[in-house]
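Chain A is the first sequence line, chain B the second, and so forth, proteins listed ahead of strands; every chain is numbered from 1.
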2 protein chains.
Amino acid sequence: MRKERIDELTTEFMRKCRKSGYRITPQRMAIYRELLKDEGHPSIDEILAAVRNFLPNVSFDTVYRNLISFFEAGLIDSVEVYGGPRRFEPILDPHHHFRCTVCGRLVDFHSFYYDSLSVPDEIKREFNVEKIRITLEGVCKSCK
Amino acid sequence: MRKERIDELTTEFMRKCRKSGYRITPQRMAIYRELLKDEGHPSIDEILAAVRNFLPNVSFDTVYRNLISFFEAGLIDSVEVYGGPRRFEPILDPHHHFRCTVCGRLVDFHSFYYDSLSVPDEIKREFNVEKIRITLEGVCKSCK
DNA sequence: CTTTTTGCAAAGCGTTTGCATTGAA
DNA sequence: TTCAATGCAAACGCTTTGCAAAAAG
């Protein structure tokens, strides 16, 4: 990602933080920045390691609590990979995931076809659907 | 589910077990039977409790190991609800899930539209997709 | 008889919480 | 100066493993 884009998203993030009543701390800024820099789906531990390059005393706990808070406030997204630790990603554009059941690798992909899926009427009637999660599962080339 | 249907599925299950090289034990039969009887998506602990009504000395461990084995052999299905314990269900017909993000309730629904979804070509080229998981997320009536 | 399965117990791993201290506003 | 955020440390919940005894084939 271009540096300008990162700065832009970071500014936007700070604005949203203030709106949600979150104070701006160096830890929070670093957590969000490292999440943006990571191209994958970093776990709490991975983000912690990255943040510690800049703020060596940050605790697991701070990273944990903040990622959860950010997610709950809708500031970032959470990818739930069963069995492994919780993973996170910045909210960029809509996408879906392929997961290799052998190596556990998680791959992003885009699909307008999937993006535009509708919700069956009988579900709409009974539930307030906010999100459609589609995960393809199978085996990736290197594991085959 | 009708008793005859349960017996039929149980016989089928035993046949598959033998084919997979699994020995038939009272524990295994009870585990599968209780899984069939449960209309929801029981966790290991829930199945354990049910099984213990018949076999009081069964350990968590036996239920755990067997459910995992059954799943890996394709004898039953696994529902992965992040944050909570792993859940299981017998393989009956294809269906999808709605999850309430407030109370955590997991609801089955059927949809031919979702059943017949195809996999994008660029994914097909790179991965062997075995399964499409669709989970709708939102809020159910009682939580609204 | 052989080999799998079981039950037990302990360890593992990621998550979650309580509390005193620190620091943002 | 106030209240939220941090760091620490411990507890927690569910999963996973090693091993000796029991049971299936």
Side-chain angles (χ1 to χ4, degrees), chain A residues 10 13-34 41-49 51-73 75-76 78-88 101 104 106, chain B residues 13-34 41-49 51-73 75-76 78-88 104 106:
Chain A
T10 306
F13 173 76
M14 289 172 69
R15 200 186 57 70
K16 284 186 186 166
C17 270
R18 291 209 187 82
K19 213 176 78 181
S20 301
Y22 292 140
R23 294 181 175 176
I24 311 289
T25 66
Q27 290 91 336
R28 282 183 171 157
M29 296 318 295
I31 290 166
Y32 184 69
R33 180 162 39 83
E34 296 309 315
H41 311 85
S43 63
I44 299 175
D45 275 320
E46 282 161 3
I47 296 177
L48 174 63
V51 167
R52 279 192 171 154
N53 291 329
F54 302 91
L55 303 169
N57 296 319
V58 169
S59 67
F60 169 87
D61 201 77
T62 295
V63 177
Y64 165 78
R65 272 193 242 244
N66 279 312
L67 286 169
I68 304 276
S69 303
F70 296 164
F71 171 68
E72 284 175 350
L75 275 55
I76 65 172
S78 161
V79 190
E80 308 181 335
V81 184
Y82 197 87
R86 191 166 184 170
R87 296 179 173 279
F88 297 87
T101 50
L106 203 66
Chain B
F13 174 74
M14 290 174 70
R15 202 187 56 69
K16 284 186 186 166
C17 270
R18 292 208 187 83
K19 213 177 80 181
S20 300
Y22 292 141
R23 293 182 176 174
I24 311 288
T25 66
Q27 290 90 335
R28 283 184 172 155
M29 295 318 296
I31 290 167
Y32 184 70
R33 180 163 38 85
E34 295 310 314
H41 311 84
S43 63
I44 299 175
D45 276 320
E46 283 161 2
I47 296 177
L48 175 63
V51 166
R52 279 193 172 153
N53 290 330
F54 301 90
L55 304 170
N57 296 319
V58 169
S59 67
F60 169 87
D61 204 79
T62 294
V63 177
Y64 165 78
R65 273 192 242 242
N66 278 314
L67 286 169
I68 304 277
S69 304
F70 296 165
F71 170 68
E72 285 174 350
L75 274 54
I76 64 171
S78 162
V79 191
E80 309 181 334
V81 184
Y82 197 86
R86 191 167 184 171
R87 294 178 174 278
F88 297 86
L106 204 64

Using every non-hydrogen atom in the two residues, find where B:H41 and B:E46 come nearest and quote the distance to one decimal.
O-OE1, 4.2 Å
Whole-Å distance between [N] [atom2] and [X] [atom1]?
X     : N      : atom1 : atom2 : answer
A:R86 : C:dT15 : CZ    : P     : 8 Å
A:Y22 : D:dT6  : OH    : C1'   : 15 Å
B:Y64 : D:dG13 : OH    : P     : 18 Å
A:I47 : C:dT15 : CD1   : P     : 11 Å
B:L48 : C:dG7  : CG    : P     : 10 Å
B:E46 : D:dT15 : CD    : P     : 11 Å
A:N57 : C:dT21 : CG    : P     : 18 Å
A:I24 : D:dA4  : CD1   : P     : 16 Å

Determine, step by step, whether A:V51 and A:Q27 satisfy the side chain to side chain contact (heavy atoms under 4.5 Å, CB included) criterion, reporting the C-alpha distance in whole Å, the side-chain angles of both residues, the deciding distance to 0.1 Å, and the verdict.
CA-CA 8 Å; A:V51 167; A:Q27 290 91 336; 6.0 Å; no
Considering heavy-atom distances to DNA chain D, does A:S59 or B:P26 have its closest nucleotide positioned more toward the 5' end?
A:S59
[X] side chain N/O closer than 4.0 Å to the phosphate oxygens (OP1, OP2) of [N]?
X     : N      : result
A:T25 : D:dT6  : yes
B:R65 : D:dT16 : no
A:T62 : D:dG7  : yes
B:S43 : D:dC14 : no
A:N66 : D:dT6  : yes
A:Q27 : D:dG7  : yes

Can you tell me which nucleotide in C:dT15, D:dC3, D:dA24 comes closest to the side chain of A:R23?
D:dC3
Looking at the side chain of A:D61, which of C:dT5, D:dG7, C:dG7 is the nearest nucleotide?
D:dG7
Heavy-atom side-chain proximity of B:P85 to B:D45 below 4.5 angstrom
no
Let me see the working for B:R86 and B:S78 under side chain to side chain donor-acceptor pair (under 3.5 Å), right down to the final yes or no.
CA-CA 7 Å; B:R86 191 167 184 171; B:S78 162; 3.2 Å; yes
Name the residue closer to the 5' end of DNA chain C, choosing between B:R52 and B:R28 according to the nucleotide with the nearest heavy atom.
B:R28
How are the rings of A:Y32 and A:F13 set relative to one another: parallel (under 30°), tilted (30 to 60°) or perpendicular (over 60°)?
parallel
